[in-house]
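Presented below is the structure to which this report refers.
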Amino acid sequence: MTVSVVVGITGLVQTPVARAEDTVTYDIFSDSVDALAGVEYRDTSGKHLLEDVPLPWTLTVPVVNAKSPTADGAELRADWRPNFRTAATVGRVLQGHFVTVRISEGANVLCESILDVGNATCYGSVPHTSENESSPGNLP
């Protein structure tokens, strides 16, 4: 009787499965943009915002689960729009000024985006790599 009660209680109280953290590297670079107005990234302690960031920029951090679509996942945003933001001005000023944002886990690129619109975002949960022939200087 005692053995069956202990076995029954052990079956009800299960310890959560521990998951090791992932390590990701965030990279932002450009051939024509020297600095960003802001960089936002996520690690195990949450979201962080850095302002006036010189390029190139790289940071390796732990995340709970690099490929998670939740707040546990890898996330990187870059903003290089000028302070005078009108659609016409931004389009005219930024056209051809490409910035690459990339999230890697080891040698595996989880996301890469190359844009000239003033901001770019990558998520570890959304696999994407750029093949942009119009910005060959930013291609690896």
Side-chain angles (χ1 to χ4, degrees):
M1 176 81 155
T2 304
V3 172
S4 64
V5 171
V6 171
V7 170
I9 292 174
T10 304
L12 293 175
V13 180
Q14 298 212 356
T15 56
V17 176
R19 187 185 190 305
E21 296 174 342
D22 294 335
T23 300
V24 296
T25 299
Y26 297 131
D27 291 301
I28 306 174
F29 56 93
S30 174
D31 290 341
S32 58
V33 175
D34 295 330
L36 302 173
V39 170
E40 190 173 344
Y41 68 93
R42 186 181 299 278
D43 64 15
T44 54
S45 65
K47 275 190 178 181
H48 305 277
L49 174 63
L50 306 174
E51 296 178 332
D52 302 317
V53 178
L55 293 182
W57 179 85
T58 189
L59 180 67
T60 300
V61 299
V63 294
V64 175
N65 179 354
K67 297 175 185 172
S68 173
T70 70
D72 291 337
E75 181 179 334
L76 179 62
R77 297 171 189 259
D79 183 351
W80 63 102
R81 292 173 288 187
N83 287 334
F84 49 94
R85 294 183 187 172
T86 67
T89 304
V90 168
R92 210 172 33 251
V93 170
L94 296 177
Q95 187 175 15
H97 294 282
F98 289 91
V99 171
T100 300
V101 297
R102 180 186 301 146
I103 300 174
S104 302
E105 184 178 21
N108 184 27
V109 174
L110 299 178
C111 176
E112 179 179 86
S113 183
I114 303 171
L115 294 172
D116 68 345
V117 296
N119 60 59
T121 304
C122 263
Y123 299 94
S125 63
V126 183
H128 175 76
T129 56
S130 296
E131 294 181 19
N132 186 340
E133 295 303 320
S134 65
S135 59
N138 275 8
L139 292 175

What are the two closest heavy atoms between Pro62 and Glu21, and how far apart are they?
CB-OE1, 3.4 Å

Measure the shortest side-chain to side-chain distance between Trp80 and Leu55 over non-hydrogen atoms and say whether it is less than 4.5 angstrom.
no

Who pairs with Arg77 by side-chain hydrogen bond (donor to acceptor under 3.5 Å, both in side chains), at least two apart in sequence or on another chain?
Glu75, Tyr123

Could you tell me which residues satisfy side chain to side chain contact (heavy atoms under 4.5 Å, CB included) with Asp72, sequence neighbours excluded, listed by chain and number?
Val64, Ser68, Thr70

Go through the structure and list residues passing side chain to side chain contact (heavy atoms under 4.5 Å, CB included) with Pro127, not counting sequence neighbours.
none

State which residues pass side-chain hydrogen bond (donor to acceptor under 3.5 Å, both in side chains) with Ser104; sequence neighbours excluded, sorted by chain then number.
none

Shared hydrophobic cluster for Leu110 and Val126 (ILVMFWY, side-chain gaps under 4.5 Å)
no

Would you confirm whether Asp43, through its side chain, and Val61, through its main-chain N or O, come within 3.5 Å as a donor-acceptor pair?
no

Start with the C-alpha gap between Phe98 and Asp116, add the side-chain angles, then the distance that decides, and say whether side-chain contact (heavy atoms from CB on, under 4.5 Å) holds.
CA-CA 4 Å; Phe98 289 91; Asp116 68 345; 3.7 Å; yes

Thr60: which residues meet the side-chain hydrogen bond (donor to acceptor under 3.5 Å, both in side chains) condition with it, sequence neighbours left out?
Thr25

To the closest 0.5 Å, what do you measure between OG1 (Thr100) and CZ (Phe29)?
4.0 Å

By side chain to side chain contact (heavy atoms under 4.5 Å, CB included) - contacts of Cys122 (at least two apart)
Val101, Ile103, Cys111, Ser113

Which heavy atom of Val63 sits nearest a heavy atom of Arg42, and at what distance?
CG1-O, 3.6 Å

Taking the side chain as every heavy atom from C-beta outward, state whether Asn119 and Val99 have any pair of such atoms under 4.5 Å apart.
no

Are Leu50 and Leu59 co-members of a hydrophobic cluster defined by side-chain heavy atoms under 4.5 Å apart?
yes

Separation between CG (Leu115) and OG (Ser30), nearest 0.5 Å, reads 11.5 Å

Between Arg102 and Leu76, what is the shortest heavy-atom contact and its length?
O-CD2, 3.6 Å

Exceeds 12 heavy-atom contacts within 6.0 angstrom, atom CG of Asn108:
yes

Side chain to side chain, Trp57 and Leu36, heavy atoms closer than 4.5 Å
no

